[in-house]
2 protein chains.
Amino acid sequence: MTKRLTILDIARLSGVGKSTVSRVLNQDPNVNPQTRDRVEAVIREHGFEPSKSARAMRTNSARLVGIIVSRLDSASENRAVRGMLEVLYARGYDAMLMESEFDPAKVDEHLALLARRGVDGVILFAFSSLELEHLRAWQDKLILMARDWPQISSVCYDDQGAIRQILEKLYAAGRRQIDFIGVDQSDATTGALRLQAYQQFCAEHQLPCRYLTGSLDVQSGYDLTAKLLTPATDAVVCATDTLAMGAAKYLQEQQRHDVQLTGVGNNPLLHFLFPQVLSVDPGYKQAGRLAAEQLLLQLEQQAEPCAQIAPSHDL
Amino acid sequence: MTKRLTILDIARLSGVGKSTVSRVLNQDPNVNPQTRDRVEAVIREHGFEPSKSARAMRTNSARLVGIIVSRLDSASENRAVRGMLEVLYARGYDAMLMESEFDPAKVDEHLALLARRGVDGVILFAFSSLELEHLRAWQDKLILMARDWPQISSVCYDDQGAIRQILEKLYAAGRRQIDFIGVDQSDATTGALRLQAYQQFCAEHQLPCRYLTGSLDVQSGYDLTAKLLTPATDAVVCATDTLAMGAAKYLQEQQRHDVQLTGVGNNPLLHFLFPQVLSVDPGYKQAGRLAAEQLLLQLEQQAEPCAQIAPSHDL
DNA sequence: CTGTTAGCGCATTCAC
DNA sequence: GTGAATGCGCTAACAG
């Protein structure tokens with residue numbers, strides 16, 4: 001790797017002007033098939049890769065989008081990210097993946113960095129302590145995951161649908177004392193929405209409504225279940241698979257095989273360890289795809305910003 | 001966000017030439033403190049962010065390094081990545097995170113993409129089916145994680161040390177029939193090295209040597225344990241925490257509370273679900289830091305390429 | 001269909 | 001200590 005080749009080198013090597021090489025690179029139809037073949041041959045032969053920096057500078061678009069997840073090892077966000085990458089790559093965009101670790105300050109740092117890199121847009125996974133106010137600057141080039149906010153496009157999972165689907169199954173199976181373990185309502189979607197779906201279902205079906213909320217780690221699932229469970233409980237619905245993992249451990253210790261446990265996420269590990277736990281996928285991957293598509297639409301001015309997308313998942 | 005400001009705008013706004021602004025940006029000491037202050041004020045006031053693309057093009061260095069992990073949700077690689085980011089960010093580099101999903105073809109795609117982006121270097125987490133031969137092109141700008149290869153710098157975890165440490169504890173606790181669950185030896189480090197450490201310890205201490213290897217998912221841990229376990233077994237050493245998770249499930253089902261199980265990785269989830277399992281951290285995060293440091297050293301020509309680093313972990 | 005030209009935003013000479 | 005000029009590799013007019 002002595003000195004990277006440039007478009008000019010390729011031009012000389014194939015006996016054409018650099019704009020022709022540029023045209024070949026950009027799939028411009030106005031190129032003689034013969035010359036195109038020749039140029040492409042030279043490009044392959046020398047393994048030439050056009051410089052994105054130069055292109056970015058010229059076109060004022062880096063063909064890059066930032067994705068800020070809360071945690072890289074979150075199973076659910078991971079699925080969404082895979083969906084995003086699928087569509088981004090397909091459309092010729094690259095992604096810069098970053099981790100906020102639920103820290104608003106890190107989000108700001110990352111956004112600044114992404115700005116310097118000249119990203120075309122950003123997809124941000126929301127979390128409760130996130131200050132959404134000063135995201136205004138990004139407005140039409142930002143998609144918020146799992147949280148609605150005025151003026152900003154967002155994609156939410158089908159929180160309510162997932163919970164409802166689970167509850168219907170439990171109800172059909174004859175369960176009548178169904179408790180709920182959730183996360184604090186400061187979390188608008190995973191917290192408030194899923195709890196709300198539970199409460200609503202209970203009201204509709206005249207079921208007793210018993211629940212507790214806390215943080216979203218396994219320990220919390222364990223602790224809350226320990227607090228909430230009664231001898232009469234015949235099902236425990238958890239807002240996430242992580243909580244369900246903790247709850248499962250408690251139920252196992254207590255030998256409460258009579259209690260049907262459920263989660264949200266279709267986490268493979270949960271399924272392996274506790275196969276009896278019922279879990280649904282609220283369409284994480286699909287949500288990721290939608291988010292990326294919406295972002296690209298906005299960037300290409302085909303769509304107004306500020307769509308609030310809440311896909312309903314297919315069973 | 002109308003039109004991004006440029007260095008020239010800042011120059012005009014603060015009544016200086018653009019080269020002075022550039023000097024301020026690059027901490028050039030040859031700048032009158034007064035002017036510096038003035039320029040910096042204007043920069044802050046307008047939230048100006050210099051364009052990385054332009055800078056990259058001019059300096060022929062994007063201050064960017066690619067990191068290709070096998071899976072984003074791998075707990076161990078995650079820890080290493082955090083270590084890398086720590087040093088990269090501190091030195092003013094950004095990172096582009098990508099996922100190979102154990103697919104050599106994806107690695108090639110990602111490398112091509114990184115080349116176009118003009119990355120300064122790449123850190124690549126190795127896996128068994130990876131074809132290392134054509135990595136030669138990257139040679140001195142590449143660090144390989146968890147695998148040695150001639151001519152290429154690498155950072156390995158302390159595979160043998162971790163296994164040995166575990167075995168010493170078990171031995172000290174009076175365990176004498178210690179079985180081993182590993183991964184195929186096609187995996188040079190997690191596979192071959194860890195098994196080898198086990199075999200060596202057995203030989204040294206005249207212990208029976210019983211082991212099986214397979215893939216590195218939980219199911220494999222479960223299956224292999226089922227095959228390997230005998231009534232006489234009093235400990236099972238697993239090459240990774242993932243395997244240990246599967247093994248733990250089997251032991252639990254069989255009520256084999258007499259068997260001491262161990263893993264490698266210090267995975268928090270494993271510790272929560274099966275607190276009795278003993279696990280050590282082979283220094284993932286530290287390995288990540290070392291990898292990043294070595295890469296930067298090479299990039300800045302301070303060090304020859306091809307260092308083979310194998311840190312020993314501190315208890 | 002193709003070559004020539006002119007910048008994109010910045011760092012880096014070289015004058016002053 | 002500072003400003004003016006040059007070019008990094010590329011795309012997008014504009015001519016031919």
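In what follows, chains carry the letters A, B, and so on, assigned in the order in which the sequence lines appear, proteins first and then strands, with residues in each chain numbered from 1. Predicted model, so just to flag it, every value in this text is computed and none were measured. The basis for the numbers below is simple: all heavy atoms, side chains too, and nothing from hydrogens, waters or symmetry mates.
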> By side-chain hydrogen bond (donor to acceptor under 3.5 Å, both in side chains), which residues pair with B/Arg117, not counting sequence neighbours?
A/Asp94

> Write out all pairs satisfying ring-ring contact (aromatic ring centres under 6.0 Å, His included) with one or both partners inside residues 13-67 of chain A, taking only residues at least two apart or from two chains.
none

> Checking A/Phe127 now: which residues fulfil ring-ring contact (aromatic ring centres under 6.0 Å, His included) with it, not counting sequence neighbours?
A/Phe102

> Could you pull out all donor-acceptor pairs under 3.5 Å where a side-chain atom in residues 61-68 of chain A meets a protein atom, sequence neighbours excluded?
from    : atom 1 : to       : atom 2 : distance (Å)
A/Ser61 : OG     : A/Arg63  : N      : 3.3
A/Ser61 : OG     : A/Asp120 : OD1    : 2.8
A/Arg63 : NE     : A/Gly92  : O      : 3.4
A/Arg63 : NH2    : A/Arg91  : O      : 2.7

> Starting from the first five and the last five pairs of the helix from C/dC1-D/dG16 to C/dC16-D/dG1, work out the angle between the resulting helix axes, to 10 degrees.
40°

> Return the set of residues passing side-chain hydrogen bond (donor to acceptor under 3.5 Å, both in side chains) with B/Glu40 (not counting sequence neighbours), or none when no residue passes.
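Once residues adjacent in sequence are excluded, B/Glu40 has no partner under the side-chain hydrogen bond (donor to acceptor under 3.5 Å, both in side chains) criterion.
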
> Applying side-chain hydrogen bond (donor to acceptor under 3.5 Å, both in side chains), can you list everything that pairs with A/Thr35, at least two apart in sequence or on another chain?
none

> For DNA chain D, determine which residues of residues 21-47 of chain A have any heavy atom closer than 4.0 angstrom to one of its atoms, and list them numerically.
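Residues of residues 21-47 of chain A that come under 4.0 Å of DNA chain D are, in numerical order, A/Ser22, A/Arg23, A/Asn26.
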
> Among residues at least two apart in sequence or on other chains, which ones pass side-chain hydrogen bond (donor to acceptor under 3.5 Å, both in side chains) with B/Glu77?
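Counting only residues at least two positions away or on another chain, B/Glu77 forms a side-chain hydrogen bond (donor to acceptor under 3.5 Å, both in side chains) with B/Ser70.
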
> Would you classify B/Thr20 as touching base, sugar-phosphate or nothing, given that sugar-phosphate means primed atoms plus P, OP1 and OP2, and contacts are heavy atoms under 4.0 Å?
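Sugar-phosphate, no base atom in range.
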
> For DNA chain D, find the residues of residues 57-66 of chain A with a heavy-atom distance under 4.0 Å and give them by number; none if there aren't any.
A/Arg58, A/Thr59

> Suppose we screen for ring-ring contact (aromatic ring centres under 6.0 Å, His included). Which residues come up paired with B/Tyr157, at least two apart in sequence or across chains?
B/Tyr284

> Identify, with sequence neighbours excluded, every residue that meets side-chain contact (heavy atoms from CB on, under 4.5 Å) alongside A/Ala188.
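In terms of side-chain contact (heavy atoms from CB on, under 4.5 Å), with neighbours along the sequence ignored, A/Ala188 is linked to A/Arg147.
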
